[in-house]
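Structure, as structure tokens:
Residue numbers count from 1 along this sequence. As the structure is a prediction and not an experimental result, all values here were calculated from the model.
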Amino acid sequence: MAYNVAVVGATGNVGQEMLSILEERMFPVKDVYAIASRSSLGREVSFGDRTLKCQDLEQFDFSKVDIALFSAGGSVSAEWGPKAAKAGAIVIDNSSHFRMDPDVPLIVPEVNPDAVSGYTKKNIIANPNCSTAQLVVALKPLHDRARIKRVVVSTYQSVSGAGKAAMDELWNQTKGIFVGDEPTPEAFTKQIAFNVIPHIDVFLDDGSTKEEWKLVAETKKMLDPKIKLHATAVRVPVFVGHSEAVNIEFEKPISDHEARDLLRESPGLMVIDKREDEGYITPVECVGDFATYVSRIRTDPTVENGLCLWVVSDNLRKGAALNAVQIAELLLNKGHLKDRG
């Protein structure tokens with residue numbers, strides 16, 4: 001079995017991770033195409049031991065690929081996703097553009113794999129927001145066991161979630177402060193070095209931000225529309241790796257010991273939870289890993305049937321590139337791809 005795959009946005013952080021993960025997980029590819037804007041035409045990117053030259057999105061023929069992984073922003077996906085889908089490629093889109101479209105499945109393979117068959121309506125599958133992906137992987141087994149009523153989550157999101165310019169800004173501000181330079185915010189609304197910013201994406205009329213709304217809406221779409229969820233999304237001066245403090249209220253009793261055992265046995269999760277120094281995971285320790293990590297599992301005595309978790313994941317991997325490749329693997333395993341030999 002072999003399939004042709006295009007990566008749109010191949011020069012970006014997530015696009016490069018997609019290429020890396022396709023190779024790492026030995027996805028059965030025949031040909032891989034690195035696609036970018038015309039300004040990146042001819043630029044070279046790596047795919048395992050091979051070097052790929054970027055091709056122009058506007059000139060590329062999507063009829064020759066089976067899967068098109070999009071990570072080039074919402075406006076690019078809005079214009080070119082349907083064109084690629086119409087040409088016959090199954091589009092797996094990393095932007096927010098299609099996520100709430102009722103005719104486009106929003107997929108995390110560990111959470112709602114059966115929903116993937118809905119791609120046939122538009123030939124498009126949406127990848128969730130990076131902070132939502134790791135959250136629902138941790139919530140799914142607990143919800144199946146004890147039914148979640150309410151979740152309160154505070155995120156601690158790395159700057160890589162805002163792209164390369166944001167990573168450069170953290171790096172430059174950090175260096176600059178040490179030599180007395182005044183930090184000048186550009187990618188962010190306020191200084192990010194040695195600071196935290198409780199503001200990701202635009203503000204909505206109710207006072208929440210769009211990032212917080214995404215966590216709510218996407219969790220409801222993938223897991224259960226009855227779950228009540230409140231989120232506070234915060235940008236922190238970490239280069240890669242999102243963290244979340246999660247408070248959960250259940251319909252049925254579940255102990256911290258039972259939750260720990262259940263999470264250890266669940267797909268996509270690694271539990272590192274010892275009540276001692278270094279008995280938990282931090283963002284720098286998860287970089288490069290496929291797993292979503294859970295630590296600090298404990299009972300919340302202030303509500304009936306309450307638990308607290310600390311959830312950490314590499315946002316460029318599970319939050320974006322890995323999840324997209326796992327969706328491609330799901331299509332393969334369910335027989336939705338035609339072998340090109």
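- Minimum interatomic distance between R99 and N94 (heavy atoms only, all atoms of both residues): NH2-O, 3.0 Å.
- Put simply, L262 and I227 are part of the same group of oily side chains (I, L, V, M, F, W, Y) that touch within less than 4.5 Å, one to the next.
- Considering all non-hydrogen atoms of both residues, V240 and V287 come closest at O-CG2, 3.6 Å.
- In this structure, N195 has no side chain to side chain donor-acceptor pair (under 3.5 Å) partners at least two apart in sequence or on a different chain.
- Take K318 and apply the side chain to side chain donor-acceptor pair (under 3.5 Å) test, not counting sequence neighbours, and it matches E110, N323, Q326.
- S20 and E17 share no side-chain donor-acceptor pair at under 3.5 Å.
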Candidate pair V5 and V65, rule side chain to side chain contact (heavy atoms under 4.5 Å, CB included), full reasoning: CA-CA 5 Å; V5 179; V65 301; over 6 Å; no
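- Remark: K334 NZ is packed, more than 12 non-hydrogen atoms of other residues, nucleotides or ligands lying under 6.0 Å away.
- Taking a 6.0 Å sphere around NZ of K83, one finds it holds more than 12 heavy atoms contributed by other residues, nucleotides or ligands.
- Counting heavy atoms from C-beta outward, S154 and V234 have side chains that stay 4.5 Å or more apart.
- The heavy-atom pair separating D101 from K221 by the smallest distance is O-NZ, 3.0 Å.
- What you find for Y119 and P105 is that their closest heavy atoms are N-CG, 3.6 Å.
- A salt bridge is defined here as a Lys NZ or Arg NE, NH1 or NH2 lying under 4.0 Å from an Asp or Glu carboxylate O, and R317 with E24 meets this definition.
- By the criterion of side-chain heavy atoms lying less than 4.5 angstrom apart, applied directly or through intervening Ile, Leu, Val, Met, Phe, Trp or Tyr residues, I90 is grouped together with L332 in one hydrophobic cluster.
- Sorted by first and then second residue, the ring-ring contact (aromatic ring centres under 6.0 Å, His included) pairs with a member in residues 273-310 read Y156-W310; sequence neighbours excluded.
- One side chain, N315 or S160, offers a donor N or O that lies under 3.5 Å from an acceptor on the other.
- The nearest pair of heavy atoms linking V7 to G15 is CG1-O, 3.8 Å.
- In the hydrophobic clustering of ILVMFWY residues, with side-chain heavy atoms under 4.5 Å counting as a link, F194 and I197 come out apart.
- One side chain, S77 or D93, offers a donor N or O that lies under 3.5 Å from an acceptor on the other.
- Not counting sequence neighbours, the partners of D224 by the side chain to side chain donor-acceptor pair (under 3.5 Å) test are H143, R147.
- Contacts classified as side chain to side chain donor-acceptor pair (under 3.5 Å) and involving residues 237-250 (residues at least two apart or in different chains) are given here: S158-H242, N247-D300.
- Not counting sequence neighbours, the partners of K164 by the side chain to side chain donor-acceptor pair (under 3.5 Å) test are D168.
- Across all non-hydrogen atoms, the minimal contact from C286 to V312 is SG-CG1, 3.6 Å.
- The main-chain N or O of I297 is found under 3.5 Å from a side-chain atom of D273 such that the two form a donor-acceptor pair.
- A donor-acceptor contact closer than 3.5 angstrom links the side chains of T155 and Q157.
- By the 4.5 Å heavy-atom criterion applied to side chains, Y33 and L52 are not counted as neighbours.
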